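Below: the structure, in structure tokens.
Treat the numbers as computed from the prediction; the structure is a model and nothing was measured. So you know, we letter chains A, B, ... as the sequences are listed, proteins then strands, and number each from 1. Note: hydrogens, waters and symmetry copies are ignored here, and every other heavy atom, side chains too, is used.
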Amino acid sequence: MLELRLVQGSLLKKVMESIKDLVNDANFDCSATGFSLQAMDSSHVALVSLLLRSEGFEHYRCDRNLSMGMNLGNMAKMLKCAGNDDIVTVKADDGGDCVTFMFESPNQDKIADFEMKLMDIDSEHLGIPEAEYEAIVRMPSAEFARICKDLSTIGDTVVISVTKEGVKFSTRGDIGTANIVLRQNTSVDKPEEATIIEMETPVSLTFALRYMNSFTKATPLASQVTVSLSSELPVVVEYKIAEMGYLRFYLAPKIEE
Amino acid sequence: KSSQNRLESFFKPV
């Protein structure tokens with residue numbers, strides 16, 4: 001028996017909107033630790049890793065580990081029917097073939113339940129080792145989204161370079177080139193507007209902007225985004241989910257020839 | 001010219 005009650009149901013709505021276009025089907029894993037998902041896009045270039053820790057739920061019951069295969073597009077459709085202030089409860093029976101999403105309005109005057117069929121998914125799980133990253137950039141998530149969107153109007157790929165001077169986002173296309181440099185900025189009034197660059201070694205990597213733009217659909221989840229870079233490693237773009245966990249996107253770099 | 005790496009080049013299946 002599984003029963004997860006999330007007072008801030010909008011978090012789950014936002015998570016689904018962030019990942020549904022990147023991954024079609026995925027297994028949600030439920031354990032004492034929390035509600036999690038790891039899935040790759042169909043071309044095995046990008047990976048989504050979600051964790052919602054059990055402590056973040058108002059009620060969390062998971063009698064035994066359960067893996068539930070879901071079509072993320074269909075799950076997103078159902079969660080879209082929840083109000084932004086609704087409390088969302090996810091329910092499933094051990095060995096059952098469906099999952100129920102229950103939506104309660106804040107004053108309990110509307111209660112809806114949506115039942116969705118589960119599916120069998122053969123998913124490959126990748127082991128992601130803890131790594132020391134050569135450069136970690138923390139910046140406003142809206143700024144990161146703006147940069148990716150702007151650069152994708154010029155080119156298909158972005159070169160992200162971190163040096164002592166700052167972080168540079170560059171692209172090149174048929175009409176010309178673009179370079180955007182952000183310097184460290186901790187002197188802002190609000191911490192969510194800061195840009196913080198931690199660099200061990202200068203690093204420069206190339207990525208497909210199509211994927212970066214897809215990741216930025218998670219912007220409503222967090223005011224800041226963390227971009228972790230190391231040569232020879234996929235970049236990690238992380239959105240923290242308040243008090244609960246994270247949504248991380250891994251993207252394999254392109255090889256310059 | 002650039003070509004796209006896949007994730008399996010970095011992370012091993014478990």
Q: Determine whether more than 12 heavy atoms belonging to other residues, nucleotides or ligands lie under 6.0 Å from atom CG of A/D97.
A: no

Q: Compare every heavy atom of B/N5 with every heavy atom of A/A252, then report the nearest pair and how far apart it is.
A: CB-O, 3.4 Å

Q) Are the side chains of A/P253 and B/F10 in touch, meaning some heavy atoms are under 4.5 Å apart? A) yes

Q: Compare every heavy atom of B/L7 with every heavy atom of A/L126, then report the nearest pair and how far apart it is.
A: CD1-CB, 4.0 Å

(Q) Rounded to the nearest 0.5 Å, what separates atom CZ in A/F207 from atom CD in B/Q4? (A) 9.0 Å

(Q) Please report the interatomic distance CD(A/E232) to OG(B/S9), rounded to the nearest 0.5 Å. (A) 11.0 Å

Q.
Are there residues of residues 152-159 of chain A whose heavy atoms fall under 4.5 Å of chain B's heavy atoms? If so, which?
A. none

Q | Heavy atoms from other residues, nucleotides or ligands near CZ of A/R248 exceed 12 (cutoff 6.0 Å) | A | yes

Q.
More than 12 heavy atoms of other residues, nucleotides or ligands under 6.0 Å from CZ of B/R6: yes or no?
A. yes

Q: Determine, step by step, whether A/M40 and B/E8 satisfy the side chain to side chain contact (heavy atoms under 4.5 Å, CB included) criterion, reporting the C-alpha distance in whole Å, the side-chain angles of both residues, the deciding distance to 0.1 Å, and the verdict.
A: CA-CA 10 Å; A/M40 280 187 276; B/E8 286 91 340; 3.9 Å; yes

Q. Considering heavy atoms only, which positions within residues 160-175 of chain A lie below 4.5 Å of chain B?
A. none

Q) Looking at CZ of B/F11 and CG of A/L233, how far apart are the two atoms once the value is rounded to the nearest 0.5 Å? A) 6.0 Å

